[in-house]
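Values below: all heavy atoms of this structure, side chains included; hydrogens, waters and symmetry mates excluded. Everything numeric here is computed off the predicted structure, so don't read it as measured data. Proteins get letters first, then strands, A, B, ... in listed order; numbering begins at 1 in each.
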Amino acid sequence: MDERFFARDVVAVAVDLLGARLLVSGIGGLIVETEAYRQDDEASHSFRGQTAGNAAMFGKPGRVYVYRSYGLHWCFNIVCERGSAVLIRALEPTHGLETMTARRAIGEARKLCAGPGNLCKALAITGDMNGLSVLADPFSLEAPSEVPASASGVRIGISKAAERPWRFAVKGSRYLSRLI
DNA sequence: TGAGTGATTTTCT
DNA sequence: GAAAATCACTCAG
């Protein structure tokens with residue numbers, strides 16, 4: 001896994017990230033749900049060009065873009081081609097279950113990382129990590145050993161360009177934020 | 001089990 | 001001043 005993996009069309013990267021292992025400080029799991037956001041996409045933060053808040057989204061491929069959503073949640077994205085990024089929506093927890101359970105204060109493993117806000121809380125991702133490279137400390141990203149069966153669907157929680165089927169998920173996974 | 005609703009703050013227009 | 005890539009809780013069936 002290197003920078004070139006991300007220097008491609010964001011939709012292709014979103015699909016290829018399914019099944020990849022994402023760890024932050026040794027805690028994390030397999031990516032089971034992603035969404036693609038391109039610069040020419042009305043729902044994307046980068047649609048109206050670069051601003052102080054979304055500068056990371058215009059950084060080099062493989063950088064992390066973390067932003068605050070609804071004033072209380074953090075959302076974790078990986079930057080692809082200039083102005084585009086993949087939103088990581090859900091993980092299947094495999095590493096550091098105990099730590100994540102403590103951080104989330106819930107017992108159900110299938111909900112630990114279901115949803116961008118939950119995922120960031122479980123992995124202790126904050127805005128401090130905005131702009132870091134996902135290929136370096138404290139992140140760890142491994143390509144999937146086996147490409148899982150995937151499904152695509154409509155994106156969630158947005159009102160503009162919501163019809164674009166750029167949500168991708170591992171088919172049949174029990175760890176999705178919502179069934180696809 | 002599933003749908004509906006309130007909370008809350010940063011950022012841009 | 002309004003919108004926003006959500007979450008957790010409550011109530012109904």
Rounded to whole Å, please give me the gap between [atom1] in [X] and [atom2] in [N].
| X | N | atom1 | atom2 | value |
| --- | --- | --- | --- | --- |
| A:Lys111 | B:dG2 | NZ | P | 11 Å |
| A:Tyr67 | B:dT10 | OH | P | 16 Å |
| A:Tyr37 | C:dA4 | OH | C1' | 11 Å |
| A:His45 | C:dA4 | NE2 | P | 9 Å |
| A:Leu72 | B:dA7 | CG | P | 12 Å |
| A:Tyr70 | C:dA2 | OH | P | 17 Å |
| A:His73 | C:dA3 | NE2 | P | 19 Å |
| A:Gln50 | B:dT11 | CD | P | 15 Å |

Report yes if a side-chain nitrogen or oxygen of [X] is closer than 4.0 Å to either non-bridging phosphate oxygen (OP1 or OP2) of [N]; otherwise report no.
| X | N | result |
| --- | --- | --- |
| A:Lys160 | C:dA4 | yes |
| A:Asn118 | C:dA8 | yes |
| A:Arg104 | C:dA8 | yes |
| A:Ser69 | C:dT6 | no |

Notebook entry, point to check: Which is true for A:Arg48 with a 4.0 Å heavy-atom rule: it touches a base, it touches only sugar-phosphate, or it touches nothing?
Noted result: sugar-phosphate
N-O pairing of [X] and [Y] below 4.0 Å:
| X | Y | answer |
| --- | --- | --- |
| A:Glu81 | A:Arg8 | no |
| A:Glu42 | A:Lys160 | no |
| A:Arg155 | A:Glu35 | no |

Next item on the list: For this output row, return yes or no: ring centroids of A:Tyr67 and A:His45 closer than 6.0 angstrom.
Entry: yes
Notebook entry, point to check: What do you reckon, are the aromatic ring centroids of A:Phe139 and A:Phe76 less than 6.0 Å apart?
Noted result: yes
Next item on the list: Taking only the side-chain heavy atoms of A:Pro116 (C-beta and beyond), determine which of B:dC12, C:dT6, B:dT10 contains the nearest atom.
Entry: C:dT6
Check: Is there a Watson-Crick or G-U wobble partner for B:dT8 with both distances under 3.5 Å, and if so, which one is it?
Finding: none
